[in-house]
Amino acid sequence: MDWSATFLDGRSALINGLFALALGEYARMSADVGNAADATWARELLAGVKAGFEDLWDPQRCCYVDHVDGSGDARAASQLANRTAPAGGNGPGGPH
């Protein structure tokens with residue numbers, strides 16, 4: 001993977017992808033130890049993070065962009081963003 005800058009304006013594929021990965025693991029571990037309330041909380045929050053990834057998908061280039069900030073200019077797309085998104089359960093090939 002390349003080294004990419006982490007944009008702090010708007011929503012970041014890198015940060016949200018890692019957050020989704022952590023939420024998924026937390027939900028799994030909570031369920032494994034019988035903590036249904038925390039597992040449900042994490043799954044619900046994860047669903048919102050996944051839904052937000054739709055804005056990060058660039059259908060013309062078939063990849064995730066690093067961030068969106070509302071200006072329409074933030075179209076950088078790194079290898080790291082496109083690996084982090086599926087790692088967080090956002091699936092390769094666009095939003096599901």
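Keep in mind that this is a model prediction, so the values were computed, not measured. Index from 1, following the sequence.
Ala39 approaches Ala27 most closely through the heavy-atom pair CB-O, 3.5 Å. Here the closest heavy-atom approach between residue Gly17 and residue Phe53 is recorded as N-CZ, 3.6 Å. Nearest heavy atoms, Arg11 versus Leu56: O-CD2, 3.7 Å.
Atom-to-atom distance recorded for Asp38:CG and Met29:CE is 10.5 Å, nearest 0.5 angstrom. One finds the CG atom of Leu21 at 12.5 Å from the CG atom of Asn16 (value rounded to the nearest 0.5 Å).
The closest side-chain heavy-atom distance from Leu23 to Trp41 is below 4.5 Å. At a threshold of 4.5 Å between non-hydrogen side-chain atoms, the residues Leu45 and Phe19 count as touching.
No donor-acceptor pair closer than 3.5 Å links the side chain of Asp58 to the backbone N or O of Val65.
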